Number of protein chains: 2
Amino acid sequence: MRIGALGQATRVDPETIRYYERIGLLPAPVRRANGYRAYGPAHLERLAFIRHCRALDMPLADVQRLLHLLDHPLDDCQDVDRLIDTHLAHVQGKLQSLQALAQQLEQLRGRCHGQHATAECGILHELVAAAQGESCVCHGNSVQTSQKGRRLRGACPESGYEPE
Amino acid sequence: MRIGALGQATRVDPETIRYYERIGLLPAPVRRANGYRAYGPAHLERLAFIRHCRALDMPLADVQRLLHLLDHPLDDCQDVDRLIDTHLAHVQGKLQSLQALAQQLEQLRGRCHGQHATAECGILHELVAAAQGESCVCHGNSVQTSQKGRRLRGACPESGYEPE
DNA sequence: AAAAACCCTGTAGCCACTCCGGGGTCAAGA
DNA sequence: TCTTGACCCCGGAGTGGCTACAGGGTTTTT
């Protein structure tokens, strides 16, 4: 099968398939007389495996290692366990921070409803205040600037960007 | 203040500060006689704002837009609302898929405990089976390969990568 | 026969940094 | 005075995982 057919079967863009070949993830197939790549079922399976791992958000380096382990069935399986463990920990960490983030954003969103000028926008006010280190949940180790004001400078020329 | 002091105050790498200047996010400060950048409090505030937005995982393009709105306090605040809404939806979507992902990985992790050869590893078996489209939760629209076998080819030379 | 769809290679772009090389500047210590 | 080390400058390249060209050739369909 040609690259387009393989792409359709696995729902992978041919550009991506060539990319996988370039970085050594998918073995280079034989070529036909016209230079076209000719794939067999083994490529199809390997590519499907890669995409499944990617659907699990594994970095390609990890996929590479798993493929290597698949190719060497006598190796110790502990490597697989460790890899999955590490990846899982990574995902769980990301999940937690994303949950906190969503909460933050929802809170922020609640600050503004109506239509008015940005000068009165609760969201912008909150963002500026939080950046200036006042009582921000997500920003525990906060930055203390020299100003107590609630507005960023820059809007009026005389309060601009002069050195200290 | 010089770039190092600004970096310490905001916990931002000087390289990142220069990068923000290069892409037009932070105004270029005046220079001292020796060419060093000289920052004022306005830069400090603006940079803190940027970092707070980044801590909320906003793309720099969004931060740019918020800064623009801050600089134009009479603009309509609906733009801010829309921006936050869009970002929140994005984060919530990512959160959901990450939750599904963590569940998948936990399930996967449960497949293998002991130490044995990778040929018998439940995780690898599951990954290969799932890639081949058999009863995988995360992979609804699955790929059907031509083979029923549970192992990827490639380990033995005679079952390798021939074209179809 | 012409048009559309496919294939090839190589290169550049995306995001948000991060690192590197090769240099200049400046203050403190030996 | 010399040296060390910390800081600063700039431009360019690298990261991951693609995606999008540009500029050609081939195959299939109309």
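Letters A, B, ... mirror the listed sequences (proteins, then strands); counts begin at 1. All values reported here derive from a predicted model rather than from experimental measurement.
Between the side chains of A:Gln107 and A:Glu126, not a single donor N or O lies within less than 3.5 Å of an accepting N or O.
Neither OP1 nor OP2 of D:dG16 sits under 4.0 Å from any side-chain N or O of A:Tyr19. One finds a side-chain N or O of A:Thr16 lying less than 4.0 angstrom from the OP1 or OP2 phosphate oxygen of D:dT19.
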Each nucleotide in nucleotides 4-11 of chain D should get exactly one letter: B, S or -. Can you fill that in based on protein heavy atoms under 4.0 Å? ---BSSS-
Does the pair B:Asp85 and B:Arg82 meet the rule for a salt bridge (charged side-chain N to carboxylate O under 4.0 Å, His left out), with working shown? CA-CA 5 Å; B:Asp85 280 345; B:Arg82 263 197 297 273; over 6 Å; no
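Separating the CG atom of A:Leu56 from the P atom of D:dG17 is a distance of 14 Å, rounded to the nearest angstrom. Distance CD1 (A:Ile50) to C1' (D:dG17): 13 Å, rounded to an integer number of Å. We find that CG of A:Asp57 is positioned 14 Å from C1' of D:dC18, with the value rounded to whole Å.
Using a 4.5 Å cut-off between side-chain heavy atoms of Ile, Leu, Val, Met, Phe, Trp and Tyr, with links allowed through other members, B:Tyr36 and B:Tyr39 fall into different hydrophobic clusters.
At most 12 non-hydrogen atoms from other residues, nucleotides or ligands lie less than 6.0 angstrom from CD of B:Gln8. Surrounding CZ of A:Arg111 are at most 12 heavy atoms belonging to other residues, nucleotides or ligands under 6.0 Å away.
Protein chain A touches strand DNA chain C; the 5'-most and 3'-most nucleotides with an atom under 4.0 angstrom of its non-hydrogen atoms are C:dC6 to C:dT9.
Closest of all the heavy-atom pairs between A:Arg31 and A:Gly35 is NH1-O, 2.8 Å.
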Side-chain donor-acceptor distances from residues 19-27 of chain A under 3.5 Å, at least two apart:
residue	atom	partner	partner atom	Å
A:Tyr20	OH	A:Arg51	NH1	2.7
A:Glu21	OE1	A:Arg37	NE	2.8

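One finds a salt bridge joining B:Asp71 and B:Arg46 here, because a Lys/Arg side-chain nitrogen approaches an Asp/Glu carboxylate oxygen to under 4.0 Å.
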